[in-house]
Amino acid sequence: MASIHTGRCACGAVSYEVRGPLRPVSFCHCESCRRQSSNFVSATAAPADNLTITGAENLSDWQATPDAVRQFCKTCGSLMFWRWNGASKISIMAGSMDRPTGLDAAKHIYVAEKGDYYDIADGLPQFDIRPPKA
Ligand SMILES: [Zn+2]
Ligand SMILES: [Zn+2]
């Protein structure tokens with residue numbers, strides 16, 4: 001896998017470069033992601049120190065829960081980043097990444113809260129909430 005990935009929001013006001021390996025993609029079907037994205041969110045993750053953001057002043061923060069913050073473009077609304085408070089890792093929305101990403105998909109989480117108008121049939125592991133901590 002290439003060691004540098006790039007990405008941007010739909011309008012281009014926010015772009016980024018991330019160095020080093022990326023986590024396989026998780027699909028989050030929780031109610032919050034469903035309402036914010038109109039379906040579900042696809043996210044990879046990397047150490048935050050490996051991420052360089054250009055146009056970060058165009059990001060808006062939403063503290064969806066007391067434990068984590070979501071960041072999206074103020075202009076076009078693209079979901080960009082998600083981070084536990086104080087965590088060293090940051091989630092990066094896979095759909096914002098330039099292709100080819102070289103990413104693989106790994107799992108579906110919060111399936112218990114997904115929309116009732118689609119089925120998940122890709123054979124990947126599904127978890128009602130989150131997988132048990134390894
Ligand atoms: Zn934008
Ligand atoms: Zn979610």
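Counting starts at 1 for both ligands and their atoms, following the listed order.
The set of protein atoms (N, O or S) found at less than 2.8 Å from the Zn ion (ligand 2) reads C28 SG, C30 SG, C33 SG, by chain and number. Atoms of the protein (N, O or S only) found under 2.8 Å from the Zn ion (ligand 1) are C9 SG, C11 SG, C73 SG, C76 SG.
No continuous path of hydrophobic side-chain contacts links L124 to V41 [ILVMFWY only; heavy atoms under 4.5 Å].
When S60, S96, C9, S37 are each tested for a side chain to side chain contact (heavy atoms under 4.5 Å, CB included) with F72, only one passes: S60.
Residue D119 places its CG atom among 12 or fewer non-hydrogen atoms of other residues, nucleotides or ligands, all under 6.0 Å distant.
I90 approaches F81 most closely through the heavy-atom pair CD1-CB, 3.8 Å. Residue N85 comes nearest to P66 through the heavy atom pair ND2-O, 2.6 Å, listed as atom of the first residue, atom of the second, then distance.
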Please tabulate, for the side chains in residues 19-28, all donor-acceptor contacts under 3.5 angstrom to protein atoms that are two or more places apart in sequence or on a different chain.
from, atom 1, to, atom 2, distance (Å)
R19, NH1, T52, OG1, 3.1
R19, NH2, D49, O, 3.2
R19, NH2, N50, O, 3.4
R23, NH2, A43, O, 2.8
S26, OG, K107, NZ, 2.9

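Residues forming a side chain to side chain contact (heavy atoms under 4.5 Å, CB included) with Y118 (at least two apart in sequence, or on another chain): H29, N39, F40, K114, I120.
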* Check the pair H5 / D98 against side-chain contact (heavy atoms from CB on, under 4.5 Å), numbers first and verdict last. => CA-CA 7 Å; H5 289 81; D98 298 323; over 6 Å; no

* Yes or no on side-chain contact (heavy atoms from CB on, under 4.5 Å) for W62 and Q36, after CA distance, side-chain angles and deciding distance? -> CA-CA 11 Å; W62 178 39; Q36 196 184 22; 3.8 Å; yes

